[in-house]
Enquirer: 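Before we start, here is the structure in question, set down as structure tokens.
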Amino acid sequence: MCGIVGYIGTRNCVPVILEGLRRLEYRGYDSAGIALVRDKEFFIQKKAGKVSNLAAALGEAEGTVFATLGMGHTRWATHGEPSDINAHPHWDQKKRIALVHNGIVENYQAIKTKLLRDGHTFLGATDTEVLAHLVGVMYDECRDLPTAVRLALSEVDGTYGLVVIAKDDPGRIVAARKGSPLLIGVGDGENFIASDASAIVEHTRKVVYLDDGEVADITTSGVRTMTIDDVTVEKPIHQVTLELSQIERGGYDHFMLKEIHEQPETILNAMRGRLLVEEGDVKLGGLQNIIGRLLSARRLILTACGTSWHAALVGEYMFEQIARIPTEVEYASEFRYRDPIVNIDDVVFLISQSGETADTLSALRDAKTKGATVLGIVNVVGSSIARESDGGVYAHAGPEIGVASTKAFTSQLTVLALITILLARVRGMSRERGQVLARELATLPDKVQTILKETEKIRKIAEEFKDAKNFLYLGRGANFPVALEGALKLKEISYIHAEGYPAAEMKHGPIALIDENMPVVFIVPKDGIYDKVVSNIQEVRARRGRIIAVANEDDTDIDELAEFVIRVPRTYGFFGPILNIIPLQLLAYYIAVARGTNVDQPRNLAKSVTVE
Ligand code: M6R
């Protein structure tokens, strides 16, 4: 989704901002812009399309533009098409202030109507331009930028991560946050503002996270943080541990491929120091203080969006089958508006890679208001969900740059498996049983490594099916969510229509689609329902569907049934999804590559969905 990076200091900010915008490209966007202040005048350049267009328009190669105050933005269109005009930054009526904005001004139409009546003219169709005009009006009245921003925001409904500069006050950047992340990078004689630490981490690791309702007045010498009502807020400085190498491609063609291949390591990282194999137990520091509430919970609710919701579905199998706790799963976007019955003895888990997904964050707040304990399973350290939760467990997958989530998913599943063992042990599971589960979990990184050796075979299967119009993914039990996730990966990056179903549901409708052109991916491990899934395979064969099976290494029967077989090592049923998704990630990846799509930044998608 939209990205922001800004700088105030003594060096030329143009390369800082352009590089920052490049680091934010993964979030998904469709236009980019920059505003600089030089000799008390604005220099603004905005372009539809990629940051490279903007850099070319700026003459980056010649390095002729110099400024020590500026800000840049990547826009993911909501109000108004992606175009040069609609790109940020936007000016006010008198072109005295410039503003970039992530989020949505919900009452922009009412504000615009009033401003039109007062003689304002608007160039584009965005809600942000209206906000820029409103800040400009306030600035005319009070001649103080932080005050102008606070006054304007007191009239705004909606969400924002906002950065404003004024050409006649080149000594400051003013930023404000409500519902859209912003952090201040603290430097030596220079300061930064960004929507994501990756944009500034090569310059400073010291950051201040803005919270909702806060405004920051940033100068070269310091930062003053206040509420919208001008009450000073003291903010702690955090240390970001992100390494630059983690946000670079490291020799891989795409971030997605790099992230798929990182999974032996990231799964291990999710368990490191937490899985106690000899004790048959798990230690999770982020749950220590609320373990009592987890023990007495009558019900667990898992809520999330997209891939994280698929992880939640697998979590439901784990929690119910092993820990024997009643568990419900719900889309966060539905949870927040359904006014669900949430009791104070419910524990609600919010699962999110980014920790910034607007729907998931709102579900958290709703559940909290209703008195439930809210726990995050989050990847991005310091993100909003992580900070607003009562406790939780980080996924520790490292930065995930590819828009299609891969390593975050398997880390989420690993964390859910850890929580399952923890819950089962505190609820009476024997140490011996705990040891058996812990030992098996510890083998998974090596087993993922084994699956990655199937890459060449999977690439050939991808070649065979790259022109397919539709795909069906079928699995049962904990592998039904794997079918959903496999289908989601394929549609996100290859734009092939794909659906996931519980295998047995096929005969209730989707079977009508099966003919010799329909590839059907079966996830068919040798478990208690293997024979049932084989019956479903037979039903597809009878209708000449083309079968790709993800099956266990020692399954000798499957070769007779499937046209293509991808082998995965055996594991316990509820851990199976951690392995079985890997070939499906690779299949989607190689099909997308064969079709020539933009794998890391697929059309219309954003990495972190910070609007409803
Ligand atoms: O950051 P989150 O995990 O909260 O994001 C949720 C979804 O937006 C995300 O999983 C999305 O579905 C991905 N593009 C999946 O690949």
Enquirer: Just to verify, what does Y501 make a ring-ring contact (aromatic ring centres under 6.0 Å, His included) with, not counting sequence neighbours?
Expert: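 With sequence neighbours excluded, Y501 shows a ring-ring contact (aromatic ring centres under 6.0 Å, His included) to no residue whatsoever.
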
Enquirer: To the nearest 0.5 angstrom, please state how far the NZ atom of K447 sits from the CG atom of L441.
Expert: 10.0 Å

Enquirer: Taking the six-membered ring where the residue is Trp, are the ring centres of W76 and Y29 under 6.0 Å apart?
Expert: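 Not under 6.0 Å, so no.
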
Enquirer: How are the rings of Y589 and H254 set relative to one another: parallel (under 30°), tilted (30 to 60°) or perpendicular (over 60°)?
Expert: perpendicular

Enquirer: Run the salt-bridge test on E330 and R338 with the 4.0 Å N-O cut-off and return the result as yes or no.
Expert: yes

Enquirer: Which of parallel (below 30°), tilted (30 to 60°) and perpendicular (above 60°) describes F349 and F319?
Expert: tilted

Enquirer: Applying the side-chain contact (heavy atoms from CB on, under 4.5 Å) test to I385, which of N379, V378, V380 qualifies?
Expert: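 Of the listed options, the one satisfying the test is V378.
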
Enquirer: Can you check salt bridge (Lys or Arg N to Asp or Glu O under 4.0 Å) on D211 and K235, steps first, answer last?
Expert: CA-CA 9 Å; D211 283 307; K235 304 286 294 179; 2.7 Å; yes

Enquirer: Check I451, V568, V524 against N580 for a side-chain contact (heavy atoms from CB on, under 4.5 Å) and give me the one that passes.
Expert: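 Going through I451, V568, V524 one by one, the side-chain contact (heavy atoms from CB on, under 4.5 Å) with N580 is satisfied by V568 alone.
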
Enquirer: One thing to verify: whether K112 and D127 come together as a salt bridge, which I'm taking to mean a side-chain N less than 4.0 angstrom from a carboxylate O.
Expert: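 Looking at D127 and K112, the cut-off is not met.
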
Enquirer: Between R299 and E328, does at least one N-O distance fall below 4.0 Å, as a salt bridge requires?
Expert: yes

Enquirer: Residues two or more places apart in sequence or in another chain: which of them pass side chain to side chain donor-acceptor pair (under 3.5 Å) with R365?
Expert: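 If we apply the side chain to side chain donor-acceptor pair (under 3.5 Å) test to R365, skipping adjacent residues, the hits are D212, E388.
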
Enquirer: Test S405 against every option in E400, K489, Q353 by the side chain to side chain donor-acceptor pair (under 3.5 Å) rule and name the one that passes.
Expert: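 Between S405 and the candidates, side chain to side chain donor-acceptor pair (under 3.5 Å) is satisfied uniquely by E400.
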
Enquirer: Using the rule side-chain contact (heavy atoms from CB on, under 4.5 Å), only one of V342, L364, V329, L350 pairs with F335; which is it?
Expert: V342

Enquirer: Report yes or no: does S296 contribute a side-chain atom to a donor-acceptor pair with the main-chain N or O of G292 at less than 3.5 Å?
Expert: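 It does hold such a pair.
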
Enquirer: Taking R249 first and then E259, would you say they form a salt bridge - that is, a charged N and a carboxylate O separated by under 4.0 Å?
Expert: no

Enquirer: Please determine whether a side-chain nitrogen of the Lys or Arg among R177 and E214 lies less than 4.0 Å from a carboxylate oxygen of the Asp or Glu.
Expert: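 No salt bridge links R177 with E214.
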
Enquirer: List the steps, then state whether side-chain hydrogen bond (donor to acceptor under 3.5 Å, both in side chains) holds for T74 with E25.
Expert: CA-CA 7 Å; T74 48; E25 284 191 295; over 6 Å; no

Enquirer: May I ask you to say whether K50 pairs ionically with D30, meaning some side-chain N is under 4.0 Å from a carboxylate O?
Expert: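 Here K50 does not pair with D30 in a salt bridge, since their nearest N and O are not under 4.0 Å apart.
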
Enquirer: For the CG atom of L416 and the CG atom of L313, what is their distance to the nearest 0.5 Å?
Expert: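 The CG atom of L313 is 10.5 Å from CG of L416, to the nearest 0.5 Å.
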
Enquirer: Taking atom CD of E485 and atom NE2 of H310, what is their separation to the nearest 0.5 Å?
Expert: 6.0 Å

Enquirer: Once rounded to the nearest 0.5 Å, what's the spacing between atom CD1 of I493 and atom CD of Q601?
Expert: 13.0 Å

Enquirer: With side-chain contact (heavy atoms from CB on, under 4.5 Å) as the criterion, how do I419 and V415 come out once you've worked through the C-alpha distance, each side chain's angles and the decisive distance to 0.1 Å?
Expert: CA-CA 6 Å; I419 297 173; V415 167; 3.9 Å; yes

Enquirer: Please test E505 against R476 for salt bridge (Lys or Arg N to Asp or Glu O under 4.0 Å), starting from the C-alpha separation and ending with a verdict.
Expert: CA-CA 9 Å; E505 272 295 304; R476 295 193 72 163; over 6 Å; no

Enquirer: Assess whether salt bridge (Lys or Arg N to Asp or Glu O under 4.0 Å) is satisfied between R272 and E265, documenting all intermediate values.
Expert: CA-CA 10 Å; R272 207 186 291 280; E265 186 66 26; 3.4 Å; yes

